[in-house]
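Accompanying notes for the structure given below.
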Amino acid sequence: MTAKPFNGSFVGASVISVDQFTRKAELERLFTVADLMRSRVEAKIQGTELRDSTIAILFYQPSTRTFTSFWAAVQWLGCQRIIAVPGMTAYSSAVKGESLHDTIKTLGQTTPADLIILRHPDDDSSEVAVVASSVPVINAGSGKKEHPTQAILDLYTIRQELGRVDGLHVAMLGDLKYGRTIKSLAKLLALMGEDNRISFVSPEVLRAPAELVTELRRRGVQVCETKDLGAVLPEADVLYVTRLQKEWFEAAGQMGLYDQLKGAYDITPEVLEMAKEQMIVMHPLPRVGEISYKVDDDPRAAYFRQMRSGLYTRMALLALVLGKA
Ligand code: NCD
């Protein structure tokens, strides 16, 4: 790992992996600042923390929530120099074969950015960017491996909704092989409470990586793996749903398998009859059929509130990294 543990301070740090969090207090600090950002945004109070900063937002993969919430976060913090490119694969010299390393070097000269926010399909893209960059890099999703800011906003949402981030039974459902969000979130749940339980629910071919399961167990988390949502749903405090990651099936030439698996899980009001009244349904989104629109009116459907957490937690992280919180 190129990026070092935070060791209690985010100032000047790249944020590339949830493995950098080693103390609960680091997340608690982040959440305290996020609460402050939340109250400021709700009161429509414009921040000035990033008034003198230049921020680059470079996305090599599609995004709705992560891209817009980072852009909004930067603006709410008063930044006036924003270089935001959502279509790096179409409009940058990546099209001509430029390496990520050289693109990051370039930004250091042309902009010059004080911080780079990067989404990229390669698992090790953040590490590559950190080597090429003289300023902090924030990983906004790297390949199939990590999505640290999503995990932070997910945990913040759980704290908001259920009032705690320990002693929870979290069921993670869907594409646990290719999906990156569950991998980052599971590790943060392990850090926040050894008494958190995780149930991975997926078809056999989409099981969570064995190394992740082993690591969670080593850290004291009770992990169960099953295909049967009904076996764990009645006990769950959180149902975290994910979509099948069609793009990775395509890349692996497995569209036949994708078509077979599509529709394997469908969260409907009838399914939720099995769940606790206090449970919440989360999803990093986008959804592509795995949660019925009829569920949206159920008070347990937290996925729209969840995306709102992205703005506050990303504001907090940016202010902390740039030493302005
Ligand atoms: C997720 C991602 O990009 O990993 N989306 C997001 O950032 N909210 C989940 C997904 O695309 O399935």
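Positions are given from 1, in the same order as the sequence printed here. One-based numbering, in listed order, for ligands and for the atoms of each.
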Please tell me whether [X] and [Y] have a donor and an acceptor in their side chains that are separated by less than 3.5 angstrom.
{"X": "Gln306", "Y": "Asp154", "answer": "yes"}
{"X": "Ser309", "Y": "Thr157", "answer": "yes"}
{"X": "Arg243", "Y": "His283", "answer": "no"}

Does Lys262 pair with Asp259 as a salt bridge, N-O distance under 4.0 Å? yes
Check this for me, if you would: do Arg287 and Asp296 make a salt bridge, where the nitrogen-to-carboxylate-oxygen distance has to be below 4.0 angstrom? yes
Pairs where residues 312-325 contributes a residue and the test side-chain hydrogen bond (donor to acceptor under 3.5 Å, both in side chains) is met, not counting sequence neighbours: Ser69-Arg314, Thr149-Arg314, Arg308-Tyr312
Could you give the N/O to N/O pairs under 3.5 Å linking ligand 1 and the protein, each with its distance?
residue  : atom   : partner : partner atom : Å
ligand 1 : 3 (O)  : Arg119  : NH1          : 3.3
ligand 1 : 3 (O)  : Arg119  : NH2          : 3.3
ligand 1 : 3 (O)  : Arg180  : NH2          : 2.9
ligand 1 : 4 (O)  : Arg180  : NE           : 2.8
ligand 1 : 5 (N)  : Leu285  : O            : 3.0
ligand 1 : 7 (O)  : Thr66   : OG1          : 2.9
ligand 1 : 7 (O)  : Arg119  : NH2          : 2.9
ligand 1 : 7 (O)  : His147  : NE2          : 2.8
ligand 1 : 8 (N)  : Gln150  : OE1          : 3.2
ligand 1 : 8 (N)  : Pro284  : O            : 2.9
ligand 1 : 8 (N)  : Leu285  : O            : 3.2
ligand 1 : 11 (O) : Arg243  : NE           : 3.3
ligand 1 : 11 (O) : Arg243  : NH2          : 2.9
ligand 1 : 12 (O) : Arg243  : NE           : 2.7
ligand 1 : 12 (O) : Arg243  : NH2          : 3.4
ligand 1 : 12 (O) : Gln245  : NE2          : 2.8

